[in-house]
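Please read these numbers as outputs of a predicted model, since none were measured by experiment. Lettering of chains follows the sequences in order, A, B, ..., and the numbering in each one begins at 1.
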Number of protein chains: 2
Amino acid sequence: MPGPSAQSHPVVVDPAQLLRDTGLQVTAQRLAVLRAVTASPHGTADEVEALVRADIGAVSRQAVYDALAILGDKGLIRRIQPSRSSARFESRVGDNHHHLVCRACGITVDVDCAVGERPCLHASDDHGFVIDEAEVIYWGLCPACRTIEP
Amino acid sequence: MPGPSAQSHPVVVDPAQLLRDTGLQVTAQRLAVLRAVTASPHGTADEVEALVRADIGAVSRQAVYDALAILGDKGLIRRIQPSRSSARFESRVGDNHHHLVCRACGITVDVDCAVGERPCLHASDDHGFVIDEAEVIYWGLCPACRTIEP
DNA sequence: TCTAATTCTTGACTCAGTCCACAATCGGGC
DNA sequence: GCCCGATTGTGGACTGAGTCAAGAATTAGA
C-alpha cells in the first residue's frame, strides 16, 4: 500500500546489493539465509538451516549461524528470543514492531508498535543507561489454545 | 512507601507459610531457593544453585531447576530471559516492573512500570489472543560500558 | 507412628550454540 | 580474464543450559 510518504530505499531492493551496501561480501549462503528468514518469519536457526539446505543444496551449521549473526549485527535481520524458546529471526526490521507469543503453543505473531519510533517507550528511570530499544513481548493464549486449555 | 491502598498479604510473610498457602510441600531446598532468589535478584540457575549449596550444604541441580520451575508456575518468583542470556530469576513479583539490560556487560536492573497494572500495555491488535502480560526489556548501554565503548 | 504421595538425588542425555584449523570463495588490481 | 590476499565456509569436536528417568529420601495427613 504505497502512501504519500515513500520509503527511503527503492521499492524492490536487490538482496545482493543490500549486502554490498552494508560492506558485506556477497555469498550464496548469505543470500539463501536472507531468503529463508524472509520466507519464514520467526524461524529458528534450525529451520533456517533446513530452508537454506533445501534452497542451495548444502550449508554448514556454522555458516548459518555466522550469517544470522552478521546480518543481525548489520541490522538486516532481527533476532528475538522469547523465554524457553531458542532464538528466532525475522527480516522485518526498522519499524520497531513487537511480538505476541502464545504461552501454550509458542506461536509468534507480529504486532505493530502503536508509537512507531524507537525506542517507542520511555523508562520511568533510565539509571544512567543510554537506551536504544524497547523490546515488548505480549504473553497470552492464542485463539486455538484458548479453546483447548481450561 | 506505604500508600492508601495496602497490599493484600501481611507485611512479612513466612516463606514456609507462603509455600503451604500455594499448595506446595515445604522442603529445605525450596526454602533455600526462595532465599537465594531474593538475596540475589536476576541470578542465573547456576548462581542460585551455588547460593543454595552455600546455604544448606548440598543440592542437586535438578532440585534447583524443579524448585525454580514450580515457584515460577505458582507466581512466587519470576523468570526472565533476555536474548543471549540464560534464564534469570527474581522474587519481586506482582508489581509488573520491567528490565533494563546493558548490551555490553549484560547487567540487568529493575525499572518501575509507569502504568502499574498488568498487562500495562495494550497491543494495537491482539489477533484474538488473550493477553495477560506485557514484558518489556529496555536495551542500551550502562554508565560504565558507555565510557569504555566508543 | 505409619503410609502414600511428593520431592530429591544421581547420572545419562539432548539441544542450541561455539571454537578451531583448514579449504573454498570473493573481488579488487593487473 | 586471471591472480592473490582477505574474507567466508566446512567439518568435527566441544561447551553449557536444561531435561529425562529410576530409585531413594522426605513430607504431611490418617
Side-chain angles (χ1 to χ4, degrees), chain A residues 14-37 42-53 55-74 76-77 79-89 106 108, chain B residues 14-34 36-37 42-53 55-74 76-77 79-89 106:
Chain A
D14 175 29
Q17 194 56 47
L18 199 58
L19 290 177
R20 251 186 292 270
D21 290 351
T22 328
L24 296 177
Q25 282 193 13
V26 179
T27 68
Q29 291 85 344
R30 286 178 180 173
L31 290 171
V33 165
L34 218 36
R35 279 194 297 272
V37 171
H42 312 133
T44 62
D46 262 14
E47 287 161 6
V48 170
E49 183 179 347
L51 284 172
V52 169
R53 188 156 293 140
D55 187 357
I56 61 172
V59 240
S60 62
R61 187 171 12 147
Q62 194 57 44
V64 173
Y65 275 103
D66 284 352
L68 289 171
I70 205 162
L71 293 174
D73 277 0
K74 300 297 184 177
L76 301 187
I77 63 177
R79 173 196 172 111
I80 59 170
Q81 186 172 9
S83 269
R84 296 171 185 280
S85 163
S86 40
R88 292 170 179 279
F89 301 87
T108 305
Chain B
D14 175 28
Q17 195 55 47
L18 197 59
L19 290 177
R20 251 185 292 270
D21 289 350
T22 329
L24 297 177
Q25 282 193 15
V26 179
T27 68
Q29 291 84 345
R30 285 176 181 172
L31 291 172
V33 165
L34 218 37
V37 172
H42 313 132
T44 62
D46 261 15
E47 288 162 6
V48 170
E49 184 180 346
L51 284 171
V52 170
R53 188 156 295 142
D55 186 359
I56 62 171
V59 239
S60 62
R61 186 172 15 149
Q62 194 59 42
V64 173
Y65 276 103
D66 284 352
L68 289 171
I70 204 162
L71 294 174
D73 277 1
K74 300 297 185 179
L76 301 188
I77 63 177
R79 173 196 172 111
I80 59 171
Q81 187 172 7
S83 270
R84 298 171 183 279
S85 163
S86 40
R88 293 170 177 280
F89 302 86

Could you tell me how far apart [X] ([atom1]) and [N] ([atom2]) are, to the nearest whole angstrom?
{"X": "B/Asp66", "N": "C/dT10", "atom1": "CG", "atom2": "P", "value": "14 Å"}
{"X": "B/Leu31", "N": "C/dT7", "atom1": "CG", "atom2": "C1'", "value": "13 Å"}
{"X": "B/Gln17", "N": "D/dA28", "atom1": "CD", "atom2": "P", "value": "11 Å"}
{"X": "A/Leu19", "N": "D/dT7", "atom1": "CG", "atom2": "P", "value": "16 Å"}
{"X": "A/Glu49", "N": "C/dT18", "atom1": "CD", "atom2": "P", "value": "13 Å"}
{"X": "B/Arg53", "N": "C/dT9", "atom1": "CZ", "atom2": "C1'", "value": "11 Å"}

Salt bridge (charged side-chain N to carboxylate O under 4.0 Å, His left out) partners of residues 17-34 of chain A, not counting sequence neighbours, each pair once:
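Salt bridge (charged side-chain N to carboxylate O under 4.0 Å, His left out) check on residues 17-34 of chain A returns no pairs.
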
Quick one: bend of the helix from C/dT1-D/dA30 to C/dC30-D/dG1 from 5 pairs per end, to 10°?
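About 40°, once rounded to a multiple of 10°.
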
Within the 4.5 Å heavy-atom criterion, are [X] and [Y] side-chain neighbours or not?
{"X": "B/Ile56", "Y": "B/Gln29", "answer": "yes"}
{"X": "B/Arg79", "Y": "A/Ser83", "answer": "yes"}
{"X": "B/Val64", "Y": "B/Asp46", "answer": "no"}
{"X": "B/Leu19", "Y": "B/Leu76", "answer": "yes"}
{"X": "A/Val37", "Y": "A/Leu68", "answer": "yes"}

A/Arg61: what forms a salt bridge (Lys or Arg N to Asp or Glu O under 4.0 Å) with it, not counting sequence neighbours?
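Here no residue qualifies.
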
Heavy atoms under 4.0 Å is the rule here; annotate nucleotides 14-20 of chain D 5' to 3' with B where the base is hit, S where only the sugar-phosphate is, and - elsewhere.
---SBBB

Just by protein heavy atoms under 4.0 Å, how would nucleotides 21-30 of chain C read 5' to 3' in B, S and -?
-----SS---

Would a distance-only check, ignoring hydrogens and angles, find a side-chain to backbone donor-acceptor pair under 3.5 Å from [X] to [Y]?
{"X": "A/Gln81", "Y": "B/Arg84", "value": "yes"}
{"X": "A/Thr27", "Y": "A/Gln25", "value": "no"}
{"X": "A/His42", "Y": "A/Thr108", "value": "yes"}

Could I get the full list of side chain to side chain contact (heavy atoms under 4.5 Å, CB included) partners for B/Ser86, not counting sequence neighbours?
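Scan of B/Ser86 (side chain to side chain contact (heavy atoms under 4.5 Å, CB included), adjacent residues dropped) gives B/Thr44.
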
